[in-house]
Each structure stands twice: as structure tokens, then as C-alpha cells.
There are 2 protein chains.
Amino acid sequence: MSVMLQLKELPDALILGRFVKRYGEVDVDAVLHFLSILRIGTDLSEALDGFLARHGLLQGRWWVLILLMREDDLTSTPSQLAEKSGVSRATMTRLIDGLARDGLVKRLDDRNDGRRYAIRLTAAGQAKLDKVMPDYYPRVQRMMGVLSAAQREQLLQYLLLLKEGSRAFQ
Amino acid sequence: MSVMLQLKELPDALILGRFVKRYGEVDVDAVLHFLSILRIGTDLSEALDGFLARHGLLQGRWWVLILLMREDDLTSTPSQLAEKSGVSRATMTRLIDGLARDGLVKRLDDRNDGRRYAIRLTAAGQAKLDKVMPDYYPRVQRMMGVLSAAQREQLLQYLLLLKEGSRAFQ
DNA sequence: TCATTATAGTTAGCTCGCTAACCATGTCAA
DNA sequence: TTGACATGGTTAGCGAGCTAACTATAATGA
């Protein structure tokens with residue numbers, strides 16, 4: 001996970017001009033576009049967070065519930081969950097702590113391997129998803145509806161290209 | 001600021017199908033596109049973070065330095081900085097704590113108003129920017145270079161539309 | 001077999017978000 | 001002029017990210 005600044009005040013061309021004077025030739029448009037893209041990414045993520053928060057969740061916890069529901073036996077392990085949601089095992093430990101405290105998941109001992117735990121979605125966890133998801137899907141649909149299928153495809157193409165380009169920061 | 005899951009494992013159409021069975025009609029493409037867009041936003045942000053981290057900064061601290069450098073007297077106040085970077089005053093207090101500890105900014109008493117402090121960019125802070133920015137600008141340029149000016153414009157258009165659409169989550 | 005290595009998970013300590021509560025200090029109006 | 005309100009900033013406490021260090025258990029192989 002990452003933190004992304006909201007950047008309420010993007011630099012205007014004048015200010016960037018002063019920076020150019022100090023730092024030499026700069027593609028002002030490229031910088032402004034880049035910052036705008038980051039900011040909108042944050043905005044979208046925050047829109048989702050705000051929605052989930054109304055259901056007492058945040059992206060991390062919500063995603064864990066979804067990953068569990070995907071499993072046939074509603075069960076997984078902390079390290080698998082960490083891997084699949086792209087967070088560290090330490091972070092997953094604490095996400096699970098919170099979810100277990102709220103009764104949405106349960107830790108189950110593995111009798112074959114004393115190191116492992118299984119994490120199972122509880123009835124309460126399933127009930128939570130059953131409240132969130134039927135609210136979530138139509139909203140995503142409504143949101144994405146502002147773009148045609150072709151436009152969405154195009155957008156994704158461009159973003160994937162940018163992602164390739166972001167190797168420039170390596 | 002927001003937290004954005006990396007979602008290493010997006011749902012495939014099959015899994016989404018099972019969710020559809022439980023939750024009814026869902027525009028699978030819309031959901032996949034939405035999650036992909038969020039994920040790429042995170043990826044881009046993390047690329048920037050990784051770059052800044054190599055200079056001992058993160059987006060929050062870096063942005064404060066930039067905001068200060070924009071000022072004619074290299075000086076601002078915590079609440080202005082908070083406002084402009086879109087974080088709470090509490091968060092700004094701690095960003096400033098860190099920057100002051102590292103000697104990149106300095107707190108100056110305001111003799112007219114005992115409540116205020118001024119925050120000034122120090123020589124070390126300016127030196128830090130003088131190392132980071134000449135490394136940053138060419139990389140942004142290289143990254144954005146994967147898209148033509150027209151494509152960038154189009155991309156931004158689409159994202160702005162999506163941002164409008166994200167009111168669906170309200 | 002038993003010492004070494006690998007794996008699963010947690011804990012500790014850091015960053016950087018947030019809100020709410022809390023000090024100061026200033027301001028304003030009765 | 002002084003009591004009430006407003007403002008600027010910090011503190012406290014929480015969430016969720018990280019890395020590094022640690023514990024416990026399992027697996028391996030000399």
C-alpha cells in the first residue's frame with residue numbers, strides 16, 4: 001500500500017517557471033500531468049475508502065474478506081492473504097487482529113503444522129460482505145458508466161503504458 | 001491521504017462469476033477496470049515514493065519542502081502548508097517535526113502572534129531539493145514520454161470524467 | 001539423530017494518515 | 001475590561017503501511 005499526497009495546490013506554470021530557472025529545462029506539461037494523474041488516483045481511492053468506511057471497513061480489511069470469500073472453504077492463511085493483497089505479513093497480522101476482534105474472521109489452529117493458522121470467514125464476515133457488495137457493485141457500475149467501453153479500454157491502455165514508463169524512477 | 005491496496009490478485013472473470021451468482025447482475029468489466037485503475041495509480045505513486053526514498057524523503061516531506069521553496073521568503077505556516085498539501089494540521093505538525101529534526105526546515109517564533117510559528121526552508125532543505133529536483137524532472141519527462149501530448153490530454157480527460165463519476169460512491 | 005536451515009507468524013518500532021480533545025493566544029462585543 | 005468565542009498549533013490515540021528482529025515449529029542432511 002502506498003500513501004499518496006492529495007496535492008490540493010498543484011504548481012501553476014508561473015511557479016514551475018521559477019523552478020525551471022533554478023533547475024534548468026523542464027517539460028512543465030509533463031510534470032503537471034503526472035501530478036494530476038497521481039492526485040486523481042488518490043481521489044478515486046478515497047472515494048472508495050469513504051464508501052467502505054460507512055460500512056465500518058477500509059480497503060485492507062475489505063479485501064481480506066473478499067479473498068476469503070473467494071475460497072471454496074472460506075479459509076486461507078495469513079501469508080497467502082498477505083501475498084494476494086500485496087501487503088507485508090506484519091501488516092496482515094494486524095489486519096487479521098482487527099477483523100478477528102470484530103468477529104468477521106476466526107483464527108483456527110492447524111493440527112498438522114504448529115506454525116500455521118487458518119483464517120476463516122465467519123458468518124458475521126459473510127453477512128458484512130452481503131451488505132457491502134450489493135451496495136458496491138451498482139456504484140462501480142454507475143461510476144464507470146461515465147466512460148464507454150471503448151474509452152475505458154483506451155484509458156487502461158494509457159495507464160499501462162505509464163506504468164511501463166514509471167521504470168524511469170528506478 | 002489515502003491508503004490504496006495493491007491488489008496483486010485481481011479477481012478473474014470466473015471468480016467474479018461466483019460473486020455475481022450471490023449478488024446478482026454485475027458489470028464484471030466495470031469492476032475489473034476500476035480495480036485495475038486503482039492498482040496502477042498505486043503503482044505510479046509507489047514508483048515516486050521509491051525514488052524519493054532514495055533521497056531520504058517521502059511524498060509528504062518532499063511536498064512541504066517544495067511548497068516552502070515556492071514562497072519568496074522560503075517561509076510559510078503549518079496551517080497554510082497543511083491546507084496546500086491537503087493533510088490535517090495534526091499530520092503537518094508531525095511532518096514538520098521530522099523535517100525540523102533532520103534540519104531541513106526551522107520553526108521561527110512569530111513575535112506579533114504568540115500562537116503562530118513560521119516554518120522556513122533551511123539551507124540544508126534547499127540543498128536537499130537541489131539534489132532531488134534535477135533528478136526528478138528528467139525522470140518525469142522520460143516517464144510521460146511514453147504518451148504523446150494528445151494522449152496525455154486524453155488520459156487526463158478520462159480520469160477527470162471518472163473522478164466526476166466517483167460521486168457514485170457518496 | 002541432531003544441528004542447521006527454512007518457514008509461519010508475531011512483535012517492536014518507525015512513518016504518516018486521521019479525528020477529537022486540549023492549550024495557548026487573540027479578538028470582539030456587551 | 002472581561003467573558004465568550006475563534007484561531008493556531010500540539011497532543012493523544014487509532015489505523016494501516018513498512019522493515020527488522022524474534023519465537024516456534026518443521027524439514028533437511030551430514
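In the text below, chain A, chain B and the rest are named by the order of the sequence lines, each starting its count at 1.
- Considering only side-chain N and O atoms, B/Arg115 lies nowhere under 4.0 angstrom from the phosphate OP1 or OP2 of D/dG9.
- Note on A/Ser88: a base of the nucleic acid sits closer than 4.0 angstrom, heavy atoms only.
- By the 6.0 Å contact criterion, OH on A/Tyr117 is open, its count of non-hydrogen atoms from other residues, nucleotides or ligands being 12 or less.
- Rounded to an integer number of Å, the gap from CZ of A/Arg116 to P of D/dA27 is 9 Å.
- Remark: B/Ser79 is not in phosphate contact with D/dT7, judged by side-chain N or O atoms under 4.0 Å from OP1 or OP2.
- Taking for each of A/Asp113 and A/Leu57 the nucleotide of DNA chain D with the nearest heavy atom, the 5'-most of the two is the partner of A/Leu57.
- Rounding to whole angstrom units, CD1 of residue B/Ile96 and C1' of D/dG9 are separated by 9 Å.
- Of the side-chain N and O atoms in A/Thr91, one or more sit less than 4.0 angstrom from OP1 or OP2 of D/dC18.
- In this structure, the CZ atom of A/Arg61 is 5 Å from the P atom of D/dA16, given to the nearest Å.
- As rounded to whole Å, 9 Å separates atom P of D/dT11 from atom OH of B/Tyr117.
- Rounded to whole Å, atom P of D/dG15 lies 12 Å from atom CG of A/Leu99.
- Between the CZ atom of A/Phe169 and the CG atom of B/Leu44 there is a distance of 9.0 Å, given to the nearest 0.5 Å.
- At a threshold of 4.0 angstrom between heavy atoms, the contacts of A/Arg101 are confined to the sugar-phosphate backbone, with no base atom among them.
- Here the CG-OG1 distance, from B/Leu121 to B/Thr75, works out to 8.5 Å after rounding to the nearest 0.5 Å.
- Distance A/Arg111 CZ to D/dA26 P: 14 Å, rounded to the nearest Å.
- If you run side chain to side chain contact (heavy atoms under 4.5 Å, CB included) between B/Tyr158 and each of A/Leu156, A/Leu159, A/Leu155, only A/Leu155 comes through.
- Across all strands, A/Asn112 comes closer than 4.0 Å only to sugar-phosphate atoms, never to a base (heavy-atom distances).
- Listed pair A/Thr77 / C/dA8 fails the phosphate criterion, with no side-chain N or O lying under 4.0 Å from OP1 or OP2.
- A straight line from CG of B/Leu81 to C1' of C/dG17 spans 17 Å, rounded to a whole angstrom.
- Residue contacts shown for A/Arg89 include a base, since a base heavy atom lies under 4.0 Å away.
- Atoms CG (B/Asp97) and P (D/dG9) sit 13 Å apart, rounded to a whole Å.
- The base of C/dG17 sits with one of its N or O atoms less than 3.5 Å from a complementary donor or acceptor on the side chain of B/Arg94.
- Donor-acceptor pairing under 3.5 Å is recorded for the side chains of B/Tyr23 and A/Asp130.
- Contact annotation for B/Thr93: base contact, defined as any heavy-atom pair under 4.0 Å involving a base atom.
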